[in-house]
Amino acid sequence: MWREDCREGHVLLGLAGTAAALVLLVLTIFSTPFSSFIYFLSTPAAKYGAYGLCTPAACMRALGYGSVDGGGEIIPWLTRSAICFGLAALAELLALFVLLYSMCEAALCCTHHLWFRTFKTIGALLAVLAEIFALVLWSTARHRFRARGEAATYGSALWIGLAAAAVSLFSLCLGGPKFGGRYVYRAHRDLPVRY
């Protein structure tokens with residue numbers, strides 16, 4: 001069922017890293033209001049997640065939202081950048097499917113390593129971009145809340161997103177199928193190689 005060269009360490013590292021990054025990104029996406037124990041920032045008034053917020057009374061689902069009291073602590077256009085977490089998860093899912101398909105003995109097409117590397121690079125770059133936006137947004141919001149005299153603490157979603165970006169970059173650099181020299185275009189294959 002599986003090809004012999006797929007049991008090598010770098011392929012298994014790419015498989016495990018891509019699966020771990022996908023799970024971490026999905027956990028970040030389904031933060032508050034979907035799951036109340038995973039959030040980016042918590043204040044006495046609300047818990048703020050990727051696609052909405054929850055107050056003690058109710059939850060609101062929205063892409064791009066501001067503070068509960070309209071104080072301007074949270075930048076609404078920057079909360080829309082949470083869509084990058086979803087796009088990164090989609091690219092990681094495609095990279096995982098391509099890698100699993102290329103490992104199969106019955107694979108007829110799409111077994112070239114560039115398919116995996118392309119989707120993995122897109123996923124890793126989007127995860128890093130989303131985490132940069134999240135760090136800027138939530139650290140700025142925390143400082144603004146504290147300047148107003150309110151208690152504000154970071155939640156686990158910020159660190160889960162950071163771990164997803166790190167694992168995704170790590171598995172991009174060290175994992176995946178080997179680079180095959182026979183697939184690379186060479187204009188002069190009949191000339192001797194000079195070292």
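Values reported hereafter were calculated over all heavy atoms of this structure, with side chains retained and with hydrogens, waters and symmetry mates removed.
- Y154 OH: more than 12 foreign heavy atoms inside a 6.0 Å radius.
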Exercise for review: Might you work through the side-chain contact (heavy atoms from CB on, under 4.5 Å) test for F37 and S156, ending with a clear yes or no?
Suggested key: CA-CA 8 Å; F37 60 91; S156 58; 5.9 Å; no
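- For the atom pair L41 CG and Y39 OH, the distance stands at 9.0 Å (nearest 0.5 Å).
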Point to revise | Residues F30, I38; criterion side-chain contact (heavy atoms from CB on, under 4.5 Å); working and verdict | key: CA-CA 8 Å; F30 289 108; I38 300 175; over 6 Å; no
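- Atom CZ of F170 sits in a sparse spot, with 12 or fewer heavy atoms from other residues, nucleotides or ligands closer than 6.0 Å.
- Checked by atom type and distance alone, the side chain of E150 never pairs as donor or acceptor with a backbone atom of F145 at under 3.5 Å.
- For the residue pair P33 and R61, the shortest heavy atom distance occurs at CG-CG, 3.3 Å.
- With values rounded to the nearest 0.5 angstrom, I122 atom CD1 is found 10.0 Å from L90 atom CG.
- Here the shortest heavy-atom pairing between L13 and S171 reads O-CB, 4.2 Å.
- Clustering ILVMFWY residues whenever any of their side-chain heavy atoms sit less than 4.5 angstrom apart, transitively, puts V26 in the very cluster that holds Y51.
- The only option from L137, T32, T79, T43 that meets the side chain to side chain contact (heavy atoms under 4.5 Å, CB included) definition with Y48 turns out to be T43.
- Annotation: the span from E92 atom CD to L24 atom CG amounts to 10.0 Å, rounded to 0.5 Å.
- Looking at every heavy atom in both residues, G161 comes nearest to E131 through C-OE1, 3.1 Å.
- A search for salt bridge (Lys or Arg N to Asp or Glu O under 4.0 Å) contacts involving R80 returns nothing, not counting sequence neighbours.
- Residues A124 and L172 come closest through the heavy atom pair CB-CD2, 4.1 Å.
- For the atom pair OG (S31) and CG (L53), the distance works out to 11.0 Å, reported to the nearest 0.5 Å.
- To the nearest 0.5 Å, the span separating CG on L15 from CG on L96 amounts to 6.0 Å.
- The two residues P44 and A151 come nearest to each other via the heavy atoms CD-O, 3.1 Å.
- Closest heavy-atom contact between A82 and A50: CB-O, 3.4 Å.
- Here the side chains of T18 and F116 are in contact, with some heavy-atom distance below 4.5 Å.
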Point to revise | F119 vs L93, side-chain contact (heavy atoms from CB on, under 4.5 Å): CA-CA, chis, key distance, verdict | key: CA-CA 9 Å; F119 289 129; L93 181 66; over 6 Å; no
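- L99 and W115 fall within a single hydrophobic cluster, where Ile, Leu, Val, Met, Phe, Trp and Tyr are joined by side-chain heavy atoms under 4.5 Å apart, directly or via other members.
- Every residue was checked against the salt bridge (Lys or Arg N to Asp or Glu O under 4.0 Å) condition with K47, not counting sequence neighbours, and none meets it.
- No chain of hydrophobic side-chain contacts below 4.5 Å, direct or via other Ile, Leu, Val, Met, Phe, Trp or Tyr residues, connects V167 to L22.
- Residue L129 is grouped with residue F85 when hydrophobic side chains (ILVMFWY) are merged at heavy-atom distances under 4.5 angstrom, including chains of intermediate members.
- Note: R146 CZ to T153 OG1 = 8.0 Å, rounded to the nearest 0.5 Å.
- The shortest distance between side-chain heavy atoms of L125 and L169 does not fall below 4.5 Å.
- You'll find the side chain of V98 stays beyond 4.5 Å of the side chain of Y101, heavy atoms only.
- Residues L27 and W138 do not share a hydrophobic cluster, clusters being chains of Ile/Leu/Val/Met/Phe/Trp/Tyr side chains in contact below 4.5 Å.
- Counting only residues at least two apart or in different chains, salt bridge (charged side-chain N to carboxylate O under 4.0 Å, His left out) contacts with residues 22-33 are absent.
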